[in-house]
A.B. asks: 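The structure under discussion is supplied below as C-alpha cells; questions concerning it will follow.
Quick caveat, the model's predicted, so the values are computed rather than measured. Numbering of ligands and ligand atoms starts at 1, following listing order.
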Amino acid sequence: MPRAELEQLQLGRLRTTVELVCNQVPFYRQALDAAGVRPQDLRSLHDLQRLPLTTKQDLRANYPFGLLTVPLDAIVRLHASSGTTGKPTVGPYTARDLANWGEVMARVYAAAGVTGQDIVHNAYGYGLFTGGLGFHLGAERVGAAIVPASGGLSKRQVMLMEDFGATVLTCTPSYSLVLAETAQELGVDIRTRLRLRAGIFGAEPWTEAMRQEIEAKLNLEAFDTFGLTEMIGPGVASECIRHDGMHIAEDHFLPEAIDPDSGAPVPDGEVGELVFTTITREGQPLLRYRTRDRIRLTREPCACGRTMARMSKVLGRTDDMLIIRGVNVYPFNIESVVLKVPGLEPHYLILVDRPKDQLDELEVWVEASAELWQRGEYQVRETEQKLHKDLADTLGIAPRVRVREPHSIQRSEGKARRIIDKRELGS
Ligand code: DLL
C-alpha cells in the first residue's frame, strides 16, 4: 500500500481506538483528560504525540482486567507473559483479535517465503507464552503443515524434524543452537539428514554474529521476528528475504521511537525506545505503550517492495543496560565480541557482582569449542586473554573472563537467561 494511503488508514483506525478507550476504559479517560486531548482532536498522525504514554506499571495497576474495552464474555483467549517479578502481563483476545493475529502471523511466514508446501516444526513454548500458539495460528493460515513440538525433549525434536522432513524451524535463537547441538550428539548430520531451509527466530535479543552461527550450524536462512504480549504476541514485526530490518505490521501497530528520558520523539535512523499504539485491537487496546526495547526505525521503502516501516534488530532494553563502575554496558555488545573470537561457542553468561565494600565486578563466562578444549590449557588461556582484551576495548571496562569447558553453561528451552546480576539479590 502506498504510504499516503496507509497513513489515512492508520489515522482512521487511531481515531476509532482512542474513542473506544476513552468511552470504555476509566484509566484512559482520565489520562486523556489529564493530557487535555479528546478523540476528535486527532487531525493527523502527528497528533499521536499528544496522547498519553502507557507503561508496564499502568498494566500492573490495572491487573488483570482493568484495561478491557469489552465485557469478559467477549474475550475468547487469555495469554500472559511470565515476568520475572510479581504479576504477569495479560494478553486478552476477542475473536477478531485472534483473526488479526492469524493475519499478521501469516505475513511473518510469507515474508520468510513460507508457503502451504512447507512443514513447520514449531519449538516455541505452547502455553501462556504467546510464541507457540501464535506461530501455530499463522502456519495454519498459510496452510503449512504445523508440528506443534513446543520446547524441550530435544532428542525427540531432532528425530521428528528428520522423520517428518521439516523445512522451517521456529523457536528462540538460543534454543535453535540447543537443537543443533543435540543433532550433533545424536550423530545426525544436519546437512544431509535434515531438510530445514528457513528458521524464524525471536522472543529474545540476538546479534548478527549469532545469526551467522545459527545459519552455519543449522544450514538454513535465519529470519528475525519480533513481538510482545502487550501488542498481540509475535507478529508485530518480521524480516523479509532482504534481512534489512523487520517490517512492522503498521496497519495494526503504530510505531514511534522516543528518548527514554525526555519522552521526546527521536528521528528515524537514531536509536530510541520503541513505543507502540494498537489500532485494531478490540480486547485491550493500548495507547503509546513503552516497550523498553531500544531500536532504530526507518520509513524508507524496502527493496522487497513492502512500504511498511522497519525496525532494526533490538539493540537491548532500556532496563537491561548494566551500569558497572559508572560505565554503561549492553549485553548485546558483549555477545558481538564473544562470537568474533575463534574457538568459542555461542553459549555465554554475564555475571555482575558487588563484593562487600568493593567496586562492581563484571565477569563473562563463555564455553570453549570441543576443539579448543582438546588443544589444552595453554591455548584456552590464550583465548581467554584475547577475549579479555577485545571486551575491554569495546566496553571501556575490563571484565574478568573465563573460558569454560564445553557444555558447562546451562541451556534454555525458551528465552535464554544470560545475565546474573547478584547486586539485585542484595549481596
Ligand atoms: O516474546 C513474543 C514473541 C514470541 C516474539 C515469539 C517473537 C517470537 P513477550 O514474552 O511478551 O513476547 O516478550 C516481549 O521480548 O519486548 C523484547 O524485549 C523481547 N523480544 C521479542 N522478540 C524479540 C526479537 C514475546 N526478535 C519482549 N529480538 C520484547 C529481541 C525480542 N528481543
Side-chain angles (χ1 to χ4, degrees), residues 54-56 59-60 78-84 87-93 101 104-105 107-109 111-112 120 122-139 148 150-151 168-176 199-208 210-211 214 222-239 243 245-249 253 255 257 260 271 273-276 278 284 286 289-296 310-321 330-332 335-336 412-419:
T54 308
T55 63
K56 190 111 177 168
L59 300 193
R60 280 207 193 104
L78 288 159
H79 277 280
S81 77
S82 49
T84 43
K87 300 284 190 186
T89 302
V90 189
Y93 302 76
W101 197 14
V104 291
M105 278 310 304
R107 291 183 195 169
V108 168
Y109 282 112
V120 177
N122 185 16
Y124 282 112
Y126 279 64
L128 284 175
F129 174 53
T130 52
L133 285 156
F135 272 85
H136 189 102
L137 197 60
S150 195
V168 178
L169 172 64
T170 56
C171 60
T172 58
S174 53
Y175 192 58
S176 78
I200 312 178
F201 305 121
E204 65 185 9
W206 53 308
T207 55
E208 282 302 324
M210 185 68 94
R211 187 204 300 269
I214 292 174
F223 294 83
D224 194 0
T225 198
F226 173 88
L228 62 161
T229 312
E230 295 89 321
M231 287 300 111
I232 204 159
V236 176
S238 211
E239 278 182 352
H243 302 283
M246 292 182 269
H247 290 276
I248 297 172
F253 312 103
V271 177
E273 179 183 344
L274 180 60
V275 168
F276 274 120
T278 67
Q284 184 179 273
L286 296 178
Y289 181 68
R290 296 186 64 158
T291 64
R292 298 191 278 190
D293 294 310
R294 297 168 60 252
I295 48 92
R296 290 191 192 90
R310 281 169 288 154
M311 59 182 268
S312 65
K313 268 188 163 307
V314 174
L315 307 170
R317 288 175 56 81
T318 54
D319 50 4
D320 77 3
M321 181 184 77
Y330 286 102
F332 197 81
E335 180 175 303
S336 306
S412 121
E413 292 169 5
K415 297 183 192 241
R417 190 165 172 240
R418 301 201 199 273
I419 305 169

A.B. asks: Which atoms form the tightest heavy-atom contact between T207 and S336, and what is the distance?
C.D. replies: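 In terms of heavy atoms, the two residues are closest at CG2-OG, 3.6 Å.
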
A.B. asks: Check the orientation of F129 and Y124. Use parallel for under 30°, tilted for 30 to 60°, and perpendicular for over 60°.
C.D. replies: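 The rings of F129 and Y124 sit tilted, inter-plane angle from 30° to 60°.
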
A.B. asks: So which protein heavy atom does atom 17 (C) of ligand 1 come closest to, and at what separation?
C.D. replies: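 Among all protein heavy atoms, the one nearest atom 17 (C) of ligand 1 is D293 OD1, 3.2 Å.
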
A.B. asks: Which of the atoms in ligand 1, numbered in the order shown and given with their element, are less than 4.0 Å from a heavy-atom of G202?
C.D. replies: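 Per the distance check, 7 (C), 8 (C), 26 (N).
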
A.B. asks: Which heavy atom of the protein is the closest neighbour of atom 6 (C) of ligand 1, given with residue, atom name and distance?
C.D. replies: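 The closest heavy atom on the protein side is Y124 CE2, 3.5 Å.
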
A.B. asks: Is any side-chain N of the basic residue among E273 and R292 closer than 4.0 Å to the acidic one's carboxylate O?
C.D. replies: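 No, no charged N to carboxylate O under 4.0 Å.
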
A.B. asks: Do any nitrogen or oxygen atoms of W206 lie less than 3.5 angstrom from nitrogen or oxygen atoms of ligand 1?
C.D. replies: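 No, W206 has no N/O under 3.5 Å of an N/O on ligand 1.
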
A.B. asks: Could you give the distance from CG (L78) to CG (L128), rounded to the nearest 0.5 Å?
C.D. replies: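 It is 9.0 Å, given to the nearest 0.5 Å.
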
A.B. asks: Which bit of L228 gets closer than 4.0 Å to ligand 1, counting heavy atoms only: side chain, backbone, both or neither?
C.D. replies: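 Answer for L228: both.
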
A.B. asks: Does any N or O atom in A203 lie less than 3.5 angstrom from one in ligand 1, N or O only?
C.D. replies: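 For ligand 1, there is an N or O atom that lies under 3.5 Å from one belonging to A203.
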
A.B. asks: How does K313 reach ligand 1, if at all, at less than 4.0 Å between non-hydrogen atoms: by side chain, backbone, both, or neither?
C.D. replies: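 K313 to ligand 1: no contact under 4.0 Å from either part.
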
A.B. asks: Would K313 and D224 pass as an ion pair if we require N to O under 4.0 Å?
C.D. replies: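 The answer is yes: the pair qualifies as a salt bridge.
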
A.B. asks: What protein heavy atom sits nearest atom 31 (C) of ligand 1, and how far off is it?
C.D. replies: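 Sorting protein heavy atoms by distance from atom 31 (C) of ligand 1 puts E204 N, 3.6 Å first.
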
A.B. asks: So, is the end of the R294 side chain (NZ or CZ) under 6.0 Å from the ring centre of Y330 and within 45° of the ring's axis?
C.D. replies: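 Judged by the rule (NZ or CZ under 6.0 Å from the ring centre, within 45° of its axis), R294 counts as positioned above Y330.
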
A.B. asks: Give the residue and atom name of whichever protein heavy atom lies nearest to atom 13 (O) of ligand 1, and the separation in Å to one decimal.
C.D. replies: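 In this structure, atom 13 (O) of ligand 1 has K415 NZ, 2.9 Å as its nearest protein heavy atom.
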
A.B. asks: Could you find the nearest protein heavy atom to atom 25 (C) of ligand 1 and give me its residue, atom name and distance?
C.D. replies: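 Nearest protein contact, heavy atoms only, for atom 25 (C) of ligand 1 is G227 O, 3.5 Å.
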
A.B. asks: Does even one non-hydrogen atom of R292 get within less than 4.0 Å of ligand 1?
C.D. replies: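 In this structure, R292 fails to qualify as a contact of ligand 1 - no heavy atom is under 4.0 Å.
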
A.B. asks: Going by the order shown, which atoms of ligand 1 are within less than 4.0 Å of some heavy atom of F135?
C.D. replies: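 Listed by number with element: 6 (C), 8 (C).
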
A.B. asks: What about the rings of F135 and Y109, do their centers lie closer together than 6.0 Å?
C.D. replies: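 Yes, the ring centres sit under 6.0 Å apart.
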
A.B. asks: Distance from H247 atom NE2 to R107 atom CZ, nearest 0.5 Å?
C.D. replies: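 Interatomic distance, H247 NE2 to R107 CZ, rounded to 0.5 Å: 11.5 Å.
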
A.B. asks: Heavy atoms only: give me the nearest G235-A249 pair and the separation to one decimal.
C.D. replies: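 Scanning both residues, the minimum pair turns out to be O-CB, 3.9 Å.
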
A.B. asks: Among all protein heavy atoms, pick the one closest to atom 11 (O) of ligand 1 and tell me residue, atom and distance.
C.D. replies: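 For this ligand atom, the closest protein heavy atom is T229 OG1, 2.5 Å.
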
A.B. asks: Taking only heavy atoms of G131, which atoms of ligand 1 are found under 4.0 Å from at least one of them?
C.D. replies: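 Listed by number with element, the hits are 4 (C), 6 (C).
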
A.B. asks: Salt bridge between K56 and E230, side-chain N to carboxylate O under 4.0 Å?
C.D. replies: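 A salt bridge links K56 with E230.
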
A.B. asks: Tell me the contacting part of T89 for ligand 1: side chain, backbone, both, or neither, using a 4.0 Å heavy-atom threshold, strictly below.
C.D. replies: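 Under 4.0 Å from ligand 1, T89 contributes no heavy atoms.
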
A.B. asks: Could you tell me whether V314 approaches ligand 1 through its side chain, its backbone, both or neither, with non-hydrogen atoms closer than 4.0 Å?
C.D. replies: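 For V314, the contact with ligand 1 is made by the side chain alone.
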
A.B. asks: I'd like to know whether the aromatic ring centres of W101 and H136 sit less than 6.0 Å apart in this structure.
C.D. replies: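 No, ring centres 6.0 Å or more apart.
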
A.B. asks: Looking only at distance, does T225 have an N or O less than 3.5 Å from an N or O of ligand 1?
C.D. replies: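 N/O-N/O distance under 3.5 Å: yes.
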
